[in-house]
Number of protein chains: 2
Amino acid sequence: MASGEKLPSGAMDIHAEAEPLRLEGFLPYRLNMLATEVSQTLARAYGRKFGISIPEWRVLATLGQFGVMTARDIGGHSRMHKTTVSRAVAALEKRRLIVRRANRADMREAFLALTDAGTAIYQEIVPMARAFSDSLCAGLSETELRQMNALIDKLAERVASLGTG
Amino acid sequence: MASGEKLPSGAMDIHAEAEPLRLEGFLPYRLNMLATEVSQTLARAYGRKFGISIPEWRVLATLGQFGVMTARDIGGHSRMHKTTVSRAVAALEKRRLIVRRANRADMREAFLALTDAGTAIYQEIVPMARAFSDSLCAGLSETELRQMNALIDKLAERVASLGTG
DNA sequence: ATTTGATCGTTTCAAGTGAAACAAACTCAC
DNA sequence: GTGAGTTTGTTTCACTTGAAACGATCAAAT
């Protein structure tokens with residue numbers, strides 16, 4: 001390099017210090033902060049009221065939506081680890097909020113479904129969750145909400161391809 | 001109720017079953033799926049390479065950005081639990097990636113800062129994190145990126161008020 | 001100076017988590 | 001059928017996490 005020549009903001013100098021990363025502007029960090037806060041705020045609400053953990057709520061929610069499912073399908077749909085599903089299912093069965101019925105065509109798996117008590121709790125939590133989500137979205141216009149969902153879809157697709165590819 | 005009179009989609013019937021919640025369209029659920037996937041994909045990258053956990057990376061990143069801080073400030077800024085910070089700091093200090101210096105004006109707290117080795121690792125991880133974030137955002141236009149950030153801000157503000165209020 | 005109450009940080013303890021190992025049940029080729 | 005490999009779900013183990021209790025320090029009031 002010619003002496004006396006100034007580097008254009010260090011771009012060519014491999015020994016230059018990297019710009020520090022501004023966390024407040026770093027998308028993965030921002031996403032995580034938001035999601036954690038949202039998740040925990042909601043979980044505090046139904047946790048206090050029904051003694052339900054997050055994995056248990058996810059199992060209830062999945063069965064409430066789809067009716068009858070195997071543990072494997074629940075895990076696949078809600079992206080929970082199979083051990084997490086196994087334990088949540090065991091806890092819910094013990095409290096008689098779900099029932100397990102054998103699949104005689106495949107004895108490895110079992111069909112899971114909400115009991116009446118489970119359905120009752122589910123139907124109490126759902127409006128609560130809806131109210132929370134609604135009041136969370138209350139600051140957003142219809143357009144912004146659509147944008148948000150479209151952006152989440154795009155990013156989810158993107159990160160999936162980064163993980164595997 | 002007058003017999004033969006139809007309820008408008010059950011709106012007035014308190015015994016009507018609630019509509020099941022569609023999880024795929026439920027914002028808190030969607031946000032959490034995305035953030036978890038993003039966080040873990042990035043963590044796998046620097047975790048494999050440097051043996052750094054997520055809390056440890058957050059401490060490094062915070063110190064890298066702000067220079068000198070107390071454990072309390074790190075926790076406050078990155079919203080980590082003080083015990084999580086305490087243990088991450090202990091681990092990083094043991095590996096001599098950060099140093100702890102007494103604040104003689106307040107002996108409860110201590111000033112933390114990156115060592116040369118810590119700075120070196122930080123400056124290796126930062127470009128990695130930037131590359132990840134960039135390739136995550138590669139599918140978004142400049143406008144979409146601005147929108148995403150604005151929407152995250154709005155929702156974060158909103159959830160904060162829901163938690164306290 | 002002493003007391004009171006708040007704050008910083010660590011440690012303890014109980015609960016939750018995933019990787020790995022595992023048993024049981026299935027499929028398919030032979 | 002028998003055996004090899006796969007799949008479902010549980011259990012074990014090691015690790016992480018946060019609530020609570022704790023020691024140490026500080027600030028304010030008396």
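This structure is a prediction, so every number in the text was calculated from the model and none was measured. Below, chain A is the first sequence line, B the second, and so on; all start at residue 1.
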For this session: Look at the aromatic rings of A/His77 and B/Tyr29 and report parallel, tilted or perpendicular, splitting at 30° and 60°.
Result: parallel

Exercise. What are the two closest non-hydrogen atoms of B/Gly64 and A/Pro20, and how far apart are they?
Worked result: O-CB, 3.6 Å

Looking only at atom types and distance, does a side-chain atom of [X] sit under 3.5 Å from a main-chain N or O of [Y], one as donor and one as acceptor?
{"X": "A/Thr70", "Y": "A/Glu109", "result": "no"}
{"X": "B/Ser86", "Y": "B/Lys82", "result": "no"}
{"X": "B/Thr36", "Y": "B/Met33", "result": "no"}

Problem set entry | Exceeds 12 heavy-atom contacts within 6.0 angstrom, atom CD of B/Glu24 | yes

Exercise. Closer to the 5' end of DNA chain C via nearest nucleotide, is it A/Arg104 or A/Thr84?
Worked result: A/Thr84

For this session: Report the distance from atom CD of B/Gln40 to atom C1' of C/dA19, rounded to the nearest whole Å.
Result: 13 Å

Problem set entry | Opening and closing nucleotides of DNA chain D in contact with chain A, under 4.0 Å to non-hydrogen atoms | D/dT7 to D/dT12

Problem set entry | Carboxylate-amine/guanidinium proximity below 4.0 Å for A/Glu144 and B/Lys154 | yes

Exercise. Are any of the side-chain heavy atoms of A/Lys49 and A/Ile125 separated by less than 4.5 Å?
Worked result: no

Problem set entry | Contact state string [nucleotides 3-8 of chain C, B base, S sugar-phosphate only, - no protein heavy atom under 4.0 Å] | ----BS

